[in-house]
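First the structure, in the form of structure tokens, and then the observations on it.
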Amino acid sequence: MRAGDPAGSVLGWLSHLPLLDRLELAALSGWSRSAVYRAVEALERERLVEPVAHASELIAPTRRYTLTAASVRRLADSEGIEAERLLRKRPVSEQAQRLMLGRIDAVAALYRLSCSVADIAFPIQARCYRAAPVDLCLRLADGRTIALVRLGRINERRSLARRLARLRDGPAFAAVLLLAPDETRLREVARRLRSMPQPGFLALERDAVRAGPDARVWRGPSVVPALSLREAVDLAGPHRDRPSERPLVRVSAPMQQGSAGGPPDWMLAVRLGPSEKRCLDLIGDWPWIRADHLAALLGVGLARLRQLLRRAGELELIVRPIIAGRLRLALSDRGLAFLARRDRASVGELRKRWSAGLIDPTAGFGWRNIKGTRSRQLLRNLAHTEAVHGFVAALAELASSSSWDLCQLDPPQRASRYFRFHGRLRSIQPDAFGVLRCDGCEQPFFLEWERRAIRPSTMAAKLAPYLRYYSSKRPVEDHGVPPSVIVAFDEGLAADHFLRVAREEQVRTRVVLPLFVSHGDLLIREGQRWQTWRTVDSTRPMAALDSSNEDG
């Protein structure tokens with residue numbers, strides 16, 4: 001796709017991959033950085049490209065570029081086709097640019113990965129997709145096609161399974177490069193990729209974006225040794241298929257991005273900074289969270305938190321009602337749509353589950369008046385919800401002041417694990433899942449904050465799913481090491497009874513749980529020591545994380 005001059009090459013690449021920045025244009029086109037910088041500067045003076053400022057947690061602040069109506073006409077003339085046809089064949093229309101701007105954080109990560117592939121197999125061709133199961137398809141010089149797929153953090157198990165099924169049943173690629181948001185999701189997808197007809201390779205999104213082509217951050221579905229991107233591309237098969245999709249029904253020439261009023265929905269991702277986006281992600285993970293708990297998860301003070309929330313409030317991305325005498329935070333319907341567009345999730349399904357909107361706008365924020373089914377359930381059990389938030393907030397504060405690193409923290413909707421037991425689909429539904437790392441060792445854990453299990457029968461019922469889960473190989477397959485199960489009670493008497501029931505159930509089923517039980521205040525600061533917990537085998541308090549680390 002290298003045209004006869006840098007300016008023509010820049011326009012050509014932007015017609016295939018909108019919102020490239022100058023470094024990516026240089027890597028993909030083969031022109032030097034200085035040539036690309038001069039070409040973009042000239043095109044910007046002629047108003048043939050328009051800059052868009054962008055930054056995310058993984059991508060440093062940069063300027064990305066889109067075509068204007070004038071550049072679309074010039075490009076159509078140079079290629080000898082009608083402008084209307086160009087608008088339908090490539091993502092250069094106003095409608096296509098809106099879709100890309102809504103996904104710009106995800107698109108930027110995929111573009112960086114494309115540049116790494118170009119370092120290995122230059123020249124390449126690229127095509128982005130709107131609704132196909134793949135996000136991007138790269139064609140190498142030898143004709144083989146590499147599919148790029150990114151999984152978002154809010155994509156739930158069912159939508160993930162549907163997307164991977166479409167990928168399996170669609171065109172055959174030489175290889176699929178898949179980016180996962182965390183280690184747990186990566187292992188889950190690896191199991192599903194084993195049934196894929198084409199080679200698949202996985203990496204954490206943060207590693208793939210920051211690593212070069214020779215960094216060993218890639219893994220196969222079954223292969224234990226880590227691979228470099230160069231090795232993964234070398235292992236790609238011979239397939240040359242490339243999917244096609246129907247063009248947009250309505251297309252029009254791109255318009256100037258400026259807006260007289262507030263920013264439209266598709267411009268929100270470029271109007272928010274990385275810290276503000278991180279704040280919205282956490283509010284989406286933990287609806288109805290208190291401001292002090294959110295500040296602890298972010299590792300900032302309340303004054304800084306108010307700064308981060310100011311723009312989100314002005315853009316109507318959050319709601320801030322006073323409930324039970326405390327300020328609570330949740331995403332508005334507009335905030336949910338913002339996250340859904342980024343991660344290619346269904347806006348309707350997300351709002352159905354998590355909307356904080358009111359059924360009756362004239363009434364208050366009572367749990368019966370909340371539209372979202374899961375959001376309503378969390379508000380109905382507000383004491384339990386707040387207790388879980390308090391635990392994870394205290395854990396984040398304690399980790400930041402010690403040698404431990406809280407490298408992963410998942411809310412209930414991502415903490416669930418599904419598995420087969422005696423031919424039936426079973427699950428565990430903890431209140432949270434996390435991973436702590438210290439000196440290169442990781443300790444995953446499930447959290448259960450228990451208020452209802454006060455009888456021996458209900459305690460046994462609470463333990464049953466975990467006994468089934470730990471009787472299989474899935475804990476190690478899912479996490480590399482068996483996670484600890486942390487159970488917290490409001491009072492010490494219930495904790496004592498639970499330990500007795502747990503001891504009896506483990507003897508009966510012959511399944512050993514890495515179980516730790518406590519009550520009351522979950523964490524206290526004692527230098528760099530953790531709050532003591534009790535195990536089934538000992539009534540003596542012991543440090544849960546320290547003891548599990550020694551045993552592991």
With the side chain counted from C-beta on, respond yes when L447 and P430 share a heavy-atom pair under 4.5 Å apart, and no when they do not. no
Do you know which two heavy atoms are closest between P482 and Y470, and how far apart they sit? CB-CE2, 4.2 Å
Using the side chain to side chain donor-acceptor pair (under 3.5 Å) criterion, which residues pair with S244? Sequence neighbours excluded. none
Residues in side chain to side chain donor-acceptor pair (under 3.5 Å) with T385, at least two apart? none
Going by the rule salt bridge (Lys or Arg N to Asp or Glu O under 4.0 Å), which residues pair with E44 if we only count those two or more places apart in sequence or in a different chain? R63
If the plane angle is over 60° it's perpendicular, under 30° parallel, otherwise tilted; pick one for F433 and F446. tilted
Which atoms form the tightest heavy-atom contact between A356 and D333, and what is the distance? N-OD1, 4.3 Å
The single option from L164, V176, L178 passing side-chain contact (heavy atoms from CB on, under 4.5 Å) against M196: L164
Test: E314 and R310 ion pair at under 4.0 Å: no
State whether the side chain of T145 and the backbone N or O of R242 hold a donor-acceptor pair below 3.5 Å, judged by distance alone. no
Nearest atoms (heavy-atom pairs only) where P199 meets L235: CG-O, 4.1 Å
Under 4.5 Å between any side-chain heavy atoms of L20 and L14, yes or no? yes
Taking 4.0 angstrom as the limit, do E477 and R194 come out as a salt bridge? no
Please identify each residue that fulfils side chain to side chain donor-acceptor pair (under 3.5 Å) with R351, with sequence neighbours left out. none
Side chains of D119 and L229 in contact at under 4.5 Å (non-hydrogen atoms): no
Between R474 (side chain only) and Y418 (backbone N and O only), is there a donor and an acceptor less than 3.5 Å apart? yes
Donor-acceptor list for residues 52-59 side chains, cut-off 3.5 Å, not counting sequence neighbours:
residue : atom : partner : partner atom : Å
H54     : ND1  : R64     : NE           : 3.3
H54     : NE2  : D105    : OD1          : 2.7
S56     : OG   : L58     : N            : 3.4
S56     : OG   : I59     : N            : 3.1

Heavy atoms of A126 and W13 approach each other most closely as CB-CZ3, 4.0 Å
Provide the closest heavy-atom pair for L339 versus I154 in the form atom of the first, atom of the second, distance. O-CD1, 3.5 Å
Under 3.5 Å donor-acceptor, D343 side chain and A345 backbone: no
Which side chain to side chain donor-acceptor pair (under 3.5 Å) pairs, counting each pair once, include a residue from residues 195-208, with sequence neighbours left out? R150-E205
State, without any angle test, whether R90 and S15 hold a side-chain donor-acceptor pair at a distance under 3.5 Å. yes
Report yes or no: does W31 contribute a side-chain atom to a donor-acceptor pair with the main-chain N or O of L25 at less than 3.5 Å? no
Determine, for Y469 and R417, whether the Lys NZ or Arg CZ falls below 6.0 Å from the six-membered ring centre while staying within 45 degrees of the axis. no
With sequence neighbours excluded, what pairs up with R139 under the salt bridge (Lys or Arg N to Asp or Glu O under 4.0 Å) test? none
Between R334 and D265, does at least one N-O distance fall below 4.0 Å, as a salt bridge requires? yes
Give me each pair satisfying side chain to side chain donor-acceptor pair (under 3.5 Å) with a member in residues 160-176, each pair once, sequence neighbours excluded. D135-R163
With sequence neighbours left out, what residues match R230 under salt bridge (Lys or Arg N to Asp or Glu O under 4.0 Å)? D214
Test item: side-chain donor near acceptor, Q307 and R304, under 3.5 Å: yes
Run the side chain to side chain donor-acceptor pair (under 3.5 Å) test against R144 and tell me which residues pass, sequence neighbours left out. D142
For the pair E156 (side chain) and Q413 (backbone), establish whether a donor and an acceptor sit closer than 3.5 Å, ignoring hydrogens and angles. no
Step by step, would you call D478 with E188 a side chain to side chain contact (heavy atoms under 4.5 Å, CB included)? CA-CA 7 Å; D478 288 342; E188 177 186 352; 6.0 Å; no
H239 and A172 have their tightest heavy-atom pair at CB-O, 3.3 Å
Would you please name every residue forming a salt bridge (Lys or Arg N to Asp or Glu O under 4.0 Å) with R311, sequence neighbours left out? E276
Partners of P412 by side chain to side chain contact (heavy atoms under 4.5 Å, CB included), sequence neighbours excluded? W286
